[in-house]
Amino acid sequence: MRRNRPSAGRSVSEMTEISVLEGARNSALQSIGRNVVAFQKMEGMLKFLVANHKIQGLPERLAEIREEQRLGVDRLTMGNLVDKLFRSVVVDKSGRTREPDDTEGDASFSFSVELEAEDHSDTREAFQLLVQERNALIHQMLVGFNPNSLESCHEISGILADQRDRLKPHYEYLRGVVRTVLDGQKELLAWIESDDFPRALAEVQNDAD
């Protein structure tokens, strides 16, 4: 039986070092990919919430309106999205102003999360720090990362593990809000497609007359 031998010119010690480096490199690359994907998903959820927290218009134009609003936020940066989120979706309860009444004949869906002033400020600051972390990962950390250095691989893996722990609660928070908005939209669409909607429109028209 033949036994595997070290490649010519390389000692067992050198082969072990190479194997350790490859394992550390793979772990580092997985950590990078995992966090980048998490940030991308958070950005997608932010876009969805900013574009869909309020939809209003004629029933037959709701799909078109949703698409217009989606396109309107499609190219916004994560920082801009967070700013809009805390102006229109997650709002300061004490500074909330009453929105104008819906236009006659419109179908309307709106959703917001109301927080006390201090909670709103703290939550907004936490998301702004996440934006800074996202930018640091994309524009700084990866530039300085050396995949051929065991020390560099271990260092970035540790940094990204800590970052992932900080990301997780905010990721879950956004996912929960998205689910609530989706459930509300489904209820609106179900009502529009039901027999109750034409009757409701007729009642509004009769009251106006």
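- Proximity of H53 to S110: side-chain heavy atoms (C-beta onward) are nowhere separated by under 4.5 Å.
- Following chains of ILVMFWY side-chain contacts shorter than 4.5 Å, one can reach F111 starting from L182, so the two form part of one hydrophobic cluster.
- Minimum heavy-atom separation, A117 to D92: CA-OD1, 3.5 Å.
- In E172, the CD atom is crowded: over 12 heavy atoms of neighbouring residues, nucleotides or ligands sit closer than 6.0 Å.
- Residues E116 and D119 have side chains in contact (heavy-atom distance under 4.5 Å, counting atoms from C-beta outward).
- A distance of 12.5 Å separates NE2 in H120 from CD in E125, rounded to the nearest 0.5 Å.
- Across A24 and S157, no two heavy atoms sit closer than the pair O-OG, 4.5 Å.
- Using a 3.5 Å distance cut-off with no hydrogens or angles, the side chains of N148 and R25 do pair a donor with an acceptor.
- With rounding to the nearest 0.5 angstrom, the CG atom of L174 is 9.0 Å from the CG atom of L130.
- K47 places a side-chain N or O within 3.5 Å of a backbone atom of D74 that can act as its donor or acceptor partner.
- Checked by atom type and distance alone, the side chain of N80 never pairs as donor or acceptor with a backbone atom of L76 at under 3.5 Å.
- When side chains are defined from C-beta on, L46 counts as touching V82, because their heavy atoms get closer than 4.5 Å.
- Looking at heavy atoms from C-beta onward, F39 lies out of side-chain contact with Y171 at the 4.5 angstrom threshold.
- Taking each heavy atom of A28 and L160 in turn, the nearest pair found is O-CD1, 4.5 Å.
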